[in-house]
Student: 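One structure follows; several queries about it will come next.
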Amino acid sequence: MNKVTAAITGVHGWVPPYILDNKELETMVDTTDEWISTRTGIKERRILKGEGQGTSVMAAEAVKGLLEKTGVKPDEIDGVIVATSTPDMLFPSTANLVCDKIGIKNAYSFDMAAACSGFLYAIEVGANFIRSGGSKKVIVIGADKMSSVMDYTDRATCILFGDGAGAVLLEPNTEGYGLQDAILKSDGEGKDLLRVKGHGSIEPVTPEKLMKKDHFFYQEGKAVFRFAVTRMADAAAEIMERNNLKGDDIAYLVPHQANKRIIEATANRMGIGMDKVTMNIERYGNTTGATIPLCLWEWEKDFKKGDNLVMAAFGGGFTWGATYLTWAY
Ligand code: UT7
């Protein structure tokens, strides 16, 4: 029998309708469209508005579209994994809540936290459920409501992030398509440079703690940039080297969308032109766990069966990595 690989057989995304553009941010903090565009590449981002609207709302919309498109019924799903840093609540998991919204009743479901690298971690875990033979249909979601942890008086961070969700369906493949190799790394040296400290067991929320703003996203941008730009490119280059891939062999780099300059440096290191890079940072900003599946969704029409794709990410922790896959349809 042929070896079983795990392949993406469908992808869908969802972003909220409200657009927060750089012009509106100019009225909120001391910034300019010019500064944001040249330093990051971001022009606008989507924001999920409304009481009681959490990450699971966006994730469920992405899954609804995915099931419609692939013709798969909720009771056929074996597992749902959500990569998120902004779960609806500490527990139950956002994955549980998504299953409830969709009517998925026969599946295991859980969240994974690896910040901006979360989708790469989650898809590898999902793929292993398929490779083991234990699961036939696994949904892997990257979803974040970053607006829920933004301090909209802090110009250094609030201009960077947006909300969104993307979901892929993983199924077994016996023709060799799908996920081929992954490099996943982490190093706690970044713990003080990029974090949301105030929602966990170290800093239980009290009125005094709220005043310290520890429940907001915190980043030392310049320091993080230095790590991100080298480690994301290193991981992408390493996965190419160990799979004997040259720039010409790569159809697309699908990178995490934190900063246009980091993406360009990664493409450069891989020896590929920007025409082979999926980039929507201009329209969505950094949606953390959702950036890569949102790119897969928007570029799905351009991918061809057999295309070699490299997905690469870097995020809080630090966590980072690269995944090599061949497109299956
Ligand atoms: O996705 C997770 C991983 N995260 C990343 O990969 C993000 C990595 N870091 C970055 O992308 C960049 O560091 C940022 C986009 C966050 C910042 O860009 P930078 O070129 O590193 O700028 P900086 O933080 O060094 O700030 C330069 C100047 C400072 O002013 P002074 O000290 O030179 O007078 C800031 O106060 O720009 C100022 N500044 C702003 N000015 C206008 C910071 N934010 C803004 C702003 N508008 N929004």
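Note: hydrogens, waters and symmetry copies are ignored here, and every other heavy atom, side chains too, is used. Throughout, numbering of the chain's residues begins at 1 and tracks the sequence. Everything quoted here is computed from the prediction, not taken from an experiment.
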Student: Which heavy atom of D307 sits nearest a heavy atom of A251, and at what distance?
Tutor: CG-CB, 3.5 Å
Student: Can a donor-acceptor pair be found, under 3.5 Å and without considering hydrogens, that links the side chain of T230 to the backbone of F227?
Tutor: yes
Student: Could you tell me whether the side chain of D151 and the main chain of F216 form a donor-acceptor pair under 3.5 Å?
Tutor: no
Student: Answer yes if the side chains of K213 and T153 hold a donor-acceptor pair under 3.5 Å, and no otherwise.
Tutor: yes
Student: I'd like to know if the side chain of R46 reaches the main chain of G162, judged simply by a donor and an acceptor atom lying under 3.5 Å from each other, with no hydrogens or angles considered.
Tutor: no
Student: Can you tell me if N2 uses its side chain to pair, donor with acceptor, with the backbone of T174 under 3.5 Å?
Tutor: yes
Student: Classify the ring geometry between H12 and W297 as parallel (under 30°), tilted (30 to 60°) or perpendicular (over 60°).
Tutor: tilted
Student: Just how far is it from atom OG of S85 to atom NZ of K145, taken to the nearest 0.5 Å?
Tutor: 15.0 Å
Student: Is there a donor-acceptor pair closer than 3.5 Å between any side-chain N or O of N259 and the backbone N or O of R261?
Tutor: yes
Student: For the side chain of D111 and the backbone of T94, is there at least one donor-acceptor N/O pair under 3.5 Å apart?
Tutor: yes
Student: Determine, step by step, whether I159 and N22 satisfy the side-chain contact (heavy atoms from CB on, under 4.5 Å) criterion, reporting the C-alpha distance in whole Å, the side-chain angles of both residues, the deciding distance to 0.1 Å, and the verdict.
Tutor: CA-CA 8 Å; I159 54 122; N22 291 352; 6.0 Å; no
Student: One pair to check against salt bridge (charged side-chain N to carboxylate O under 4.0 Å, His left out): K246 and D248. What are the steps and the verdict?
Tutor: CA-CA 5 Å; K246 302 275 174 272; D248 286 347; over 6 Å; no
Student: Are the side chain of T291 and the backbone N or O of N286 linked by a donor-acceptor pair below 3.5 Å?
Tutor: no
Student: Could you go through residues 233-241 and list every donor-acceptor pair under 3.5 Å that involves a side-chain atom there, pairing it with any protein atom two or more places apart or in another chain?
Tutor:
{"unit_1": "D234", "atom_1": "OD1", "unit_2": "R269", "atom_2": "NH1", "d": "2.6"}
{"unit_1": "D234", "atom_1": "OD1", "unit_2": "R269", "atom_2": "NH2", "d": "3.3"}

Student: Tell me, which pairs form a ring pair (Phe, Tyr, Trp, His ring centres under 6.0 Å) where one or both residues lie in residues 155-188, sequence neighbours left out?
Tutor: F161-F217
Student: Got more than 12 heavy atoms from elsewhere within 6.0 Å of NZ, K101?
Tutor: yes
Student: Once salt bridge (charged side-chain N to carboxylate O under 4.0 Å, His left out) is applied, what residue pairs with a partner in residues 279-295 remain, sequence neighbours excluded?
Tutor: R283-E298
Student: Who passes side chain to side chain donor-acceptor pair (under 3.5 Å) against R226, sequence neighbours left out?
Tutor: none
Student: So, T319 side chain and G316 main chain: donor-acceptor pair closer than 3.5 Å or not?
Tutor: yes
Student: Side-chain contact, heavy-atom cut-off 4.5 Å: V15 with Y284?
Tutor: yes
Student: Has the side chain of E26 got a donor or acceptor atom that lies under 3.5 Å from a matching backbone atom of D33?
Tutor: yes
Student: V310 and A322: which non-hydrogen atoms are nearest, and at how many Å?
Tutor: CG1-CB, 4.5 Å
Student: Does the gap between the ring centers of F303 and Y252 come in under 6.0 Å?
Tutor: yes
Student: Rounded at 0.5 Å granularity, tell me how far CE in M146 sits from CG in L48.
Tutor: 13.5 Å
Student: Looking only at heavy atoms, what is the nearest atom pair of G315 and L194, with distance?
Tutor: C-CD2, 3.9 Å
Student: Between M279 and I263, which heavy-atom pair has the shortest distance, and what is it?
Tutor: SD-CD1, 3.7 Å
Student: Find the distance between CE (M232) and SG (C116) and round it off to the nearest 0.5 Å.
Tutor: 10.0 Å
Student: Any heavy-atom pair between the side chains of M58 and P16 that's under 4.5 Å?
Tutor: yes
Student: By side chain to side chain donor-acceptor pair (under 3.5 Å), which residues pair with T157, not counting sequence neighbours?
Tutor: D154
Student: What's the shortest heavy-atom distance between Q53 and V57, and which atoms?
Tutor: OE1-CG1, 3.7 Å
Student: With side-chain contact (heavy atoms from CB on, under 4.5 Å) as the criterion, how do Q257 and C295 come out once you've worked through the C-alpha distance, each side chain's angles and the decisive distance to 0.1 Å?
Tutor: CA-CA 9 Å; Q257 313 278 306; C295 280; 3.4 Å; yes
Student: Do the side chains of E124 and R131 get close enough for a salt bridge, i.e. N-O under 4.0 angstrom?
Tutor: yes
Student: Answer whether the closest heavy-atom distance between the side chains of R45 and L25 falls below 4.5 Å.
Tutor: yes
Student: Nearest 0.5 Å, please: how far is CD1 in I81 from CG in L170?
Tutor: 8.0 Å
Student: What's the separation between atom CG in L193 and atom CZ in F225, rounded to the nearest 0.5 Å?
Tutor: 14.5 Å
Student: Among residues at least two apart in sequence or on other chains, which ones pass side chain to side chain donor-acceptor pair (under 3.5 Å) with D144?
Tutor: T84, T86
Student: Any pair with a residue in residues 72-97 that passes salt bridge (charged side-chain N to carboxylate O under 4.0 Å, His left out), sequence neighbours left out, goes on the list, sorted by first then second residue, please.
Tutor: none
Student: How would you list all residue pairs meeting ring pair (Phe, Tyr, Trp, His ring centres under 6.0 Å) that involve residues 35-91, not counting sequence neighbours?
Tutor: none
Student: Testing the basics here: between T9 and T70, what is the closest heavy-atom pair and its distance to 0.1 Å?
Tutor: O-CG2, 4.0 Å
Student: So which of L97, N96, I139 actually passes side-chain contact (heavy atoms from CB on, under 4.5 Å) with S109?
Tutor: N96
Student: Could you check whether any side-chain heavy atom of R195 comes within less than 4.5 Å of a side-chain heavy atom of K191, counting everything from C-beta outward?
Tutor: no
Student: Under the side-chain contact (heavy atoms from CB on, under 4.5 Å) criterion, do F318 and E189 qualify, and how do the steps go?
Tutor: CA-CA 7 Å; F318 295 130; E189 71 183 309; 4.1 Å; yes
Student: Any chance you could measure T55, atom OG1, to D163, atom CG, to the nearest 0.5 Å?
Tutor: 7.5 Å
Student: Taking NZ in K260 as the centre, count heavy atoms belonging to other residues, nucleotides or ligands within less than 6.0 Å. Is the count above 12?
Tutor: no
Student: Could you tell me which residues satisfy ring pair (Phe, Tyr, Trp, His ring centres under 6.0 Å) with W14, sequence neighbours excluded, listed by chain and number?
Tutor: none
Student: Could you walk me through whether Q180 and T326 pass the side chain to side chain donor-acceptor pair (under 3.5 Å) test, one step at a time?
Tutor: CA-CA 7 Å; Q180 307 292 333; T326 50; 2.9 Å; yes
Student: Under the ring pair (Phe, Tyr, Trp, His ring centres under 6.0 Å) rule, what pairs show up with a residue in residues 38-90, not counting sequence neighbours?
Tutor: none
Student: Measure the shortest side-chain to side-chain distance between T278 and L309 over non-hydrogen atoms and say whether it is less than 4.5 angstrom.
Tutor: no
Student: Anything under 3.5 Å between a donor and an acceptor, one on a side chain of residues 200-210, the other on a protein residue two or more places apart or in another chain? List them.
Tutor:
{"unit_1": "T206", "atom_1": "OG1", "unit_2": "E208", "atom_2": "OE1", "d": "3.4"}
{"unit_1": "T206", "atom_1": "OG1", "unit_2": "K209", "atom_2": "N", "d": "3.1"}

Student: Between R155 and V29 (side chain of the first, backbone of the second, donor and acceptor by atom type, cut-off under 3.5 Å), is there such a pair?
Tutor: no
Student: Kindly indicate, with the supporting measurements, whether the criterion side-chain contact (heavy atoms from CB on, under 4.5 Å) is fulfilled by Y218 and D192.
Tutor: CA-CA 9 Å; Y218 172 81; D192 296 322; over 6 Å; no
Student: Sequence neighbours left out, what pairs pass ring pair (Phe, Tyr, Trp, His ring centres under 6.0 Å) with at least one residue falling in residues 108-129?
Tutor: Y108-F129
